[in-house]
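Comments concern the structure below.
In what follows, chains carry the letters A, B, and so on, assigned in the order in which the sequence lines appear, proteins first and then strands, with residues in each chain numbered from 1.
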Amino acid sequence: MDSTGVDRPRPRGRKFFARGEVSADGRTVHRIDQAEWERFYRDRWAHDKVVRSTHGVNCTGSCSWQVFVKDGLITWEHQATDYPSVGPDSPEYEPRGCPRGASFSWYTYSPSRVRYPYVRGVLLKMWREAKARLGDPVLAWAEITGDPEKSRRYKRARGKGGLIRSTWDEVNELVAAAHVHTAKAYGPDRVVGFSPIPAMSMASFAAGTRYHSLIGGTLLSFYDWYADLPIASPQIWGDQTDVPESADWWNSGYLVMWGSNIPVTRTPDAHFLTEARYKGTKVVAVSPDYADNVKFADDWLAPHPGTDGALAMAMGHVVLTEFFRDRQVPYFSEYTRRYTDLPFLVRLEERGDAFVPGKFLTAADLGQDVENAEFKTVLLNEETGEAVVPQGSLGHRWGEQGEGRWNLELDGVTPALTLHGDNAALTTEAVAIDLPRFDVGETEGGGIVRRGVPATRVNGMLVTTVFDLVMARYAVGREGLPGEWPKSYEDTEAPGTPGWAEEITSVPAATTARIAREFARNAERTQGRSMIVVGAGANHWFHSDTIYRAFLSLVLLTGCQGRNGGGWAHYVGQEKARPVTGMQHLAFAFDWQRPTRHMAGTAFWYLATDQWRYEGFKADELSTPLGTGMLQGKSFADCNAQAARLGWLPSHPTFDRNPLDLADEAKDAGVPVADHVVSELKAGRLNFAAEDPDNPANFPRALTVWRANLLGSSGKGNEYFLRHLLGADAQVRGAETAEGNRPQDVTWHDEAPEGKLDLLTAVDFRMTSTGLFADVVLPAATWYEKHDLSSTDMHPFVHAFNPAIAPPWEARSDYDVFLGLADHYSELAKTHLGKRTDVLAVPLAHDTPDEMAQPGGRVLDWRNGDCEPIPGRTMPKLVVIERDFAATADKMRSVGPLLEKLGLTTKGITYHPEPEIELLRRTNGVRGDNRPSLATAEHMCEAILALSATTNGRLAVEGFKQLEKRTGTKLADLAEENEGKRISYQEAKKGPQAVLTSPEWSGSETGGRRYSAFVINVERDKPWHTLTGRQQFFVDHDWLTELGEQLPVYRPPLNMHRRFGSQQLGEPGRAEVTVRYLTPHSKWSIHSEYQDNAHMLALSRGGPDIWMSTQDAERIGVADNDWVEAYNRNGVVVARAVVSHRMPEGTVYVYHAKDRNVNVPKTEIGGKRGGVHNSLTRLLLKPTHLVGGYAQFTYAFNYYGPTGNQRDEVTVVRRRSQEVEY
Amino acid sequence: MRVMAQVAMVMNLDKCIGCHTCSVTCKQTWTNREGVEYAWFNNVETKPGIGYPKRYEDQERWKGGWELDRKGRLRLRGGSRTQRLLSLFANPDMPSIDDYYEPITYDYDTLLSAPAGEHTPVARPKSLLTGEDTAITWGANWEDDLGGAPEHAPGDPNLEGIREKVKFEFERTFMFHLPRLCEHCLNPACVSACPSGAMYKREEDGIVLVDQDKCRGWRMCVSSCPYKKVYLNHVTGKAEKCTFCFPRVEAGQPTVCSETCVGRLRYLGIVLYDADAVTAALSVPDPEDLLDAQRALILDPHDPEIAREALAQGIPHDWLEAARQSPVHALISKYKVALPLHPEYRTAPMVWYIPPLSPVLDAVTAVDGDSSDPDDVFHAIRDLRIPVEYLANLFTAGDPEVVAGVLMKLAGMRGHMRNRSLDGTVDQGLLDSIGLTAEEVEDLYRLLAIAKYEDRY
């Protein structure tokens, strides 16, 4: 070695004992022997088998996993990498997964695993005693719950330990007895089931929902309740949600992430975003904090939380100004004429010294004597100036004349987008209109801005186009129009400009303009490949629908929707059960009876947990001054009661009387049940339960929660749940509604009930707050211990669960749990219920002719004498079901005959499954009267796949052919390439299976395309399921008009301070800060639950934490990791502070979900176990989410309904004593 | 020339989403057992930040890696053999558990077993070391997403020399994630420092291992590794470290951290290097020359002379073929977009990184002109949030030009591909500015963006 060699670091003799080759310079040592010791790691790696499964969690992942098993124990899991290819020029899906999923197997053997059935000791003791004495389980339950002292005793013990191990037989009998007694004494609709998101594990979902459907129970919706439902989607498209798969991000040329933290919440798919950048896609992040996704953006816009709508309105201003007014882009104007409602005519009504937009002009207004004339909207032929009733509107969807005409073809007509400018064919006048604005004013109702539109007269009626209204709404001035218009983009006074938005959002006006311009320009050059990925950050606000409508206007104006690589990409919740038809018909037992008791979750909890008793203002405050006062004096609960009455929303429990008794009364009186109900209602002897939710006759009595953590995660207004629903300890701090603000129609009891629920049953494999507060806890199998199916909107595959091991200890799959419960129920029902007639009040349903029940969305209340109560028209339909309660268990286990008799109907298309039923007889075997078996979860999975068009090409072709008859356009070719293809459960078990193009959804996978929403609509002229059949900027239901939301508009977050005042305790010498309180999805918990995993706790702060800015922390003297308390009128949270400069001043985050089961001390303020993240939130129903009975505003489960939003809340934060007690 | 094969890795930090899936799958597979609860063979750090263990990059403090002595010869920074032998029982350069973190569990079973009481049962944190109740004050990933950054991150050794430029203010925020594992260095300080001869570099693939039979727990490897990627198992008393998943690699499978990386940012492959040249290469006086010196160690398997020599020295033909196909070789040597972590430690690390792009700095606050061309959508490299000087302190021993050059290549690739996908045009000026042909850029694009499984490993 020369002098640049090494100062020999090792002993020379080392070569002997190392058996290695020391490098010539003595610097390092190489070894070539396969040393014995290496076995240590080889053995660690060795395993006996690898089983493919997936995770049944509402994270949208639906990832394929390899589960490793050694010596009969699950050791760990790695992602599978064998997804079907996306094609040679795209990244692949592999390897989908995330750290949360990678640590799931921790739960299998976790010390908090629920291993046996448990009942709280105090209840179990009473139960055993009463049952022994009375000899009848149902009577025993009746006695315990009927005794105020006894029931108070076991309810007060909820959440305070003392669970005792029981047996499956004993708990099944107890729960079944409670369900039978409740049906008998109060009505089957008082037995309630809650389980969210079928897509995450369809058979497990279906097991419980099928049980509840068969016994007449109430099933709560979840998508709206979780505030994951984007209400704007039904408003604009008449569709629940339909979005591109993540591989389609790759096709985008310009991608805005708006309130969607993709790396954290869409971890498996984030790579498509990072990779698309290399293809030249520009990426913009809109986020109030420097979130994980901001790292990948070219531009970061940081609006103040909740002000995104203003930013989007300003961007719309720029797009309309530069791409519609100053210059016309042929692609944009052709797209908007054909696929949006922009050319449709709206009647203008006089209001004061100006006009306001009224209703859409319809064929009825033209005096045309045609079928469904009130549901056929009108536009002007640009060339002739004549009013034209084009095909494709709702009036063509139903009825005979519409057959072959429900399509978007224009038959040579060029719709006039605007009435402005020189068009010799039109006689126009410029009129002033008043529009609402909500950025000013002393109340939530805001103020008024005056603008102008060009108008013309049709049949003597003054009308303008939606486009012209939109131009006015977005403050885009044109020559000759009256009203106030901005002088420039920088104008801060005129609502709609970038300058105005800068004042509200803090985003510089020039930046807003530049991003808007780039977005639209990219769409112009790429024919619609600009995309907005949007998520919970924008969707969980009270006014999320207005925020979203402002976003979506951008993709509609620029022709991006229905284009691969373009449009909206809303990812909040795993709503897409791709094999939806089979799933929903079996899950809700539509094979035996129709319909089932679907209930809007948020409305249910709002009443059941008495959150309606804590309002600070009334619903009428939300009305614009331009309204007619139709909500005058109404509280939120009043609005909900009216929605129930008018058949808009479901309402369960329904009446203040047992529906079984109502049917008996009718029989005794010798009149049809519906007639009896109507006459009782009319006479005022019968009322809706929603009109008196605190009447013990109207309480929900038994609640079963499975696949969810209601009390530790999703339950907004957590402390109200504990106090009123459960009667447990709670830390509600605010006062009840003062006298002047109380409801006018809904009965107020001076004393609020506590402990409405007689029985809470939790089915889970881990111990959460729901289990801690439940009366009965049942041990469920984990995702690696059962058969099931999952799917998601993020990718086009169906996945199977396979058991890697049998359920250990006494755990059972959800499927087997409910079969066992059904057996006991049937046994007890024999004597206590037998065969009874049940009557269901069913709301006016979406995708049925019910959409034409209430023309114009005009509100007529029979209770006020506006009209007669007519079931199915002015009030809910009343449907009678004959129930053989004792046959529940048998029906659970086989496919009922209604599938052949009535077919399977999804979104208005009916499938006839005779061949599939025959197939299922052979694959599953038969039970009873030659019916295909559903005795196992595998049978259920097989049946779901066989009965859905996404997984069975024959059904897809049949469905498209049926749709072709209605549209008169070509569609079936989309599915014909796969007519002979069927995905069996056996195939799904082997690996991810790509689904088929199906009329159940709106995109096309034909020929290996990436799924994008509404591609079929745009490419095949298939109408949207809306009034106009087009994508709607304008909506005209009375209540939306009343709230000033006919058009996209900016509504700020609710001003909590204005209504509830300061909530600071203000103790001398203790610094406090009031800040916005947000609960985004966590990086360290499996979606919105599962934060208790030891690995995830090790990688985060190990317990509850609250992220705050440097400035806010300084203000209250808090250092990183100090204990703090956050409190407001709803409750208290104790947590460690995480201080970071990536947080904006004035906002704190408590990431979803912080359950109280791990490392949560007692609070200083309340002295009880510190709350969960939802302890600081509370529900508030937005009246426009309650409407129904009209066009796209009709009810379907998880399609429409009030959202359980929570982002508008504020909290006080202060440093607490650093000595914590547990 | 001594031709040797080395399994090496490249991570594209520009694609890292900071999800830590790699850490979890690695933990579950390898260190989910007693004695190594605190050990993460693979961990992910948020930068800026002090890392795990705390301030491990501060070699003034920890004395890891190599330095040149006065004669310009390589020597372990930890001192001479004698010095190190004398400090075997009280090594001042040894991190304590507090420099890592106290591993925690919780008394979970309370949730089911708690008797009827006054309060809702809760699982309290317990130390995994003592079994006692404990308060959590630091963790394996305490700084994730800049948590506590205003308080801790100023201690990041990579801020040396640029503290003026980096302000921990909302408007100036930047961050990225840095996944780390054993570097399987060509010049591993740990191997040299081991007094027991337990550590070695495998002849066939260069993987650095600790012989569990031979290890006597002296922990010189722990202190001498500048990346702090050797851990003491406190139950067995022996050192353990990332094995590059040799039982998998031998079977033709990628490492667990690579295969489970959902960001698809890890590349694994063979490189050939000249073992005889290592010492000289790592002895160049100017640290800024170390990057080129280390790159130069890696031999071109397409060179017929080198191929002949490799075969003659016993490198199997299929390994030679693998070296030619190696994405790692392409990224390090052909496109020169991958950089070593702290080349100034002079260990010749074999896990390389492509530095990350970041958002433009001024979008949040500054008012930019509204005359901007909507077709010109990307920003200049020097306007991005992550200071190139910061990246230079990590990857080039302080040379910002090299980092800027890599970022320009990434940006140039994006610009080129945008032109291609929007209207099929080619901007020759753009290509010239990054010194690549259209074919090369598109090849790099396929490697970085399409990145099929077969092309990553």
For B:Thr29 and A:His78, test the side chains for any donor-to-acceptor distance below 3.5 angstrom and give the result as yes or no.
yes
For A:Leu772, is it the side chain, the backbone, both or neither that has a heavy atom under 4.5 Å from a heavy atom of chain B?
side chain
So what's closer than 4.5 Å to chain A heavy atoms on B:Ala140: side chain, backbone, both or neither?
both
Contact class of A:Asn1157 relative to chain B, heavy atoms under 4.5 angstrom
both
Side chains of B:His379 and A:Asp299, donor plus acceptor under 3.5 Å:
yes
Tell me yes or no: between the side chains of B:Gln28 and A:Ser105, is some donor less than 3.5 Å from an acceptor?
yes
Report yes or no: is the cationic atom of A:Arg1101 (NZ for Lys, CZ for Arg) closer than 6.0 Å to the six-membered ring centre of B:Trp142, at no more than 45° off its axis?
yes
Side chain, backbone, both or neither of A:Ala157 within contact of chain B (heavy atoms, under 4.5 Å):
neither
Side chain from CB out, backbone as N, CA, C, O: work out which of these in A:Met1096 comes under 4.5 Å of a heavy atom of chain B, or both, or neither.
side chain
Answer yes or no: is there a donor N or O on one side and an acceptor on the other, between the side chain of B:Glu151 and the main chain of A:Asp1120, under 3.5 Å?
yes
Are A:His1141 and B:Phe170 close enough that their ring centers fall under 6.0 Å?
no
Minimum-distance pair of heavy atoms, taken over all atoms of A:Tyr278 and B:Tyr445
O-CD1, 3.6 Å
Turns out that what part of A:Asp289 lies under 4.5 Å from chain B's heavy atoms comes down to backbone
Any side-chain heavy-atom pair from B:Ile450 and A:Ser90 closer than 4.5 angstrom?
no
Taking A:Ser1140 for its side chain and B:Leu146 for its backbone only, find out whether a donor-acceptor pair lies under 3.5 Å.
yes
Under 4.5 Å from any heavy atom of chain A, what part of B:Glu37 do you find: side chain, backbone, both or neither?
neither
Does A:Arg42 come within less than 4.0 Å of B:Glu250, counting only side-chain N to carboxylate O?
yes
Sort A:Phe519 into side chain, backbone, both or neither according to what part of it lies under 4.5 angstrom from a heavy atom of chain B.
neither
A:His30 versus B:Tyr200: any side-chain heavy-atom pair under 4.5 Å?
no
Interchain contact, A:Tyr290 with chain B, by part (heavy-atom threshold 4.5 Å)
both
How many angstroms lie between CG in B:Leu422 and OG1 in A:Thr526, if you round to the nearest 0.5 Å?
6.5 Å
Under the ring pair (Phe, Tyr, Trp, His ring centres under 6.0 Å) rule, collect the residues that match up with B:Tyr108, sequence neighbours excluded.
A:Trp106, B:Tyr106
Taking side chain as everything from C-beta outward and backbone as N, CA, C, O, which of these in A:Thr281 sits under 4.5 Å from a heavy atom of chain B? Side chain, backbone, both or neither.
backbone
Minimum heavy-atom separation for B:Pro150 and A:Val1139, please, with both atom names.
CD-O, 3.6 Å
B:Thr25/A:Gln79 under side chain to side chain contact (heavy atoms under 4.5 Å, CB included): CA gap, chis, key distance, verdict:
CA-CA 9 Å; B:Thr25 49; A:Gln79 297 101 310; 4.3 Å; yes
Can you check side chain to side chain contact (heavy atoms under 4.5 Å, CB included) on B:Leu209 and A:Trp37, steps first, answer last?
CA-CA 10 Å; B:Leu209 295 174; A:Trp37 78 269; 3.7 Å; yes
Are A:Lys160 and B:Glu118 within salt-bridge range, i.e. N to O under 4.0 Å?
no
Straight-line distance of A:His271 NE2 to B:Cys261 SG, nearest 0.5 Å:
10.0 Å
With a 4.5 angstrom heavy-atom cut-off, could you sort out which part of B:Arg172 is near chain A: side chain, backbone, both or neither?
neither
Considering all heavy atoms of both residues, which atom of B:Val262 and which atom of A:Arg96 are nearest to each other, and what is their separation?
CG1-C, 4.1 Å
Part of A:Glu77 within contact of chain B (heavy atom distance under 4.5 Å)
both
Given that the side chain runs from C-beta out, which part of A:Trp1107 has a heavy atom under 4.5 Å from chain B: side chain, backbone, both or neither?
side chain
Note: vs chain A, highest number of non-hydrogen pairs under 4.5 angstrom among B:Arg264, B:Arg418, B:His119, B:Met417 is B:Arg264
Do the side chains of B:Asn32 and A:Arg44 get nearer than 4.5 Å, heavy atoms only?
yes
Measuring heavy-atom distances to chain B, does A:Ala291 have an atom under 4.5 Å in its side chain, in its backbone, in both, or in neither?
backbone
Side-chain (B:Thr120) to main-chain (A:Gly159) donor-acceptor, under 3.5 angstrom:
yes
Check whether the ring centres of B:Trp30 and A:Phe40 lie less than 6.0 Å apart, and answer yes or no.
no
When rounded to the nearest 0.5 angstrom, what distance separates OG1 in B:Thr110 from CE in A:Met767?
11.5 Å
Side chains of A:Pro99 and B:Thr21 in contact at under 4.5 Å (non-hydrogen atoms)
yes
Region of A:Tyr116 in contact with chain B, defined by heavy-atom distances below 4.5 Å:
neither
So which heavy atom on B:Ile17 is nearest to which on A:Thr274, and how close?
CG2-CG2, 4.4 Å
Atom NZ in A:Lys279, atom NE2 in B:His416: separation rounded to 0.5 Å?
13.5 Å
Would you sort out whether A:Arg277 and B:Leu448 count as a side chain to side chain contact (heavy atoms under 4.5 Å, CB included), showing the intermediate values?
CA-CA 10 Å; A:Arg277 293 178 310 145; B:Leu448 295 182; over 6 Å; no
Would you say the side-chain atoms of A:Arg525 pair up with the backbone N or O of B:Asp423, donor to acceptor, closer than 3.5 Å?
no
Considering non-hydrogen atoms only, spot the tightest contact between A:Arg113 and B:Leu112 and give its length.
O-CD1, 3.2 Å
Chain A contact via B:Leu384 - which portion, at a heavy-atom distance below 4.5 Å
neither
If you round to the nearest 0.5 Å, how far is CG of A:Asn1121 from NE2 of B:His152?
7.5 Å
Please look at A:Thr1110 and chain B and tell me whether the side chain, the backbone, both or neither of the residue comes under 4.5 angstrom of a heavy atom of that chain.
side chain
Nearest 0.5 Å, please: how far is CZ in B:Arg414 from NZ in A:Lys282?
8.5 Å
Please report the shortest heavy-atom distance between A:Arg1142 and B:Asp145, naming the atom on each side.
NE-O, 2.8 Å
At a heavy-atom separation under 4.5 Å, does A:Arg521 approach chain B through its side chain, its backbone, both, or neither?
side chain
Residue pair A:Lys295, B:Ser358: steps toward the side chain to side chain contact (heavy atoms under 4.5 Å, CB included) verdict:
CA-CA 6 Å; A:Lys295 170 182 182 290; B:Ser358 52; over 6 Å; no
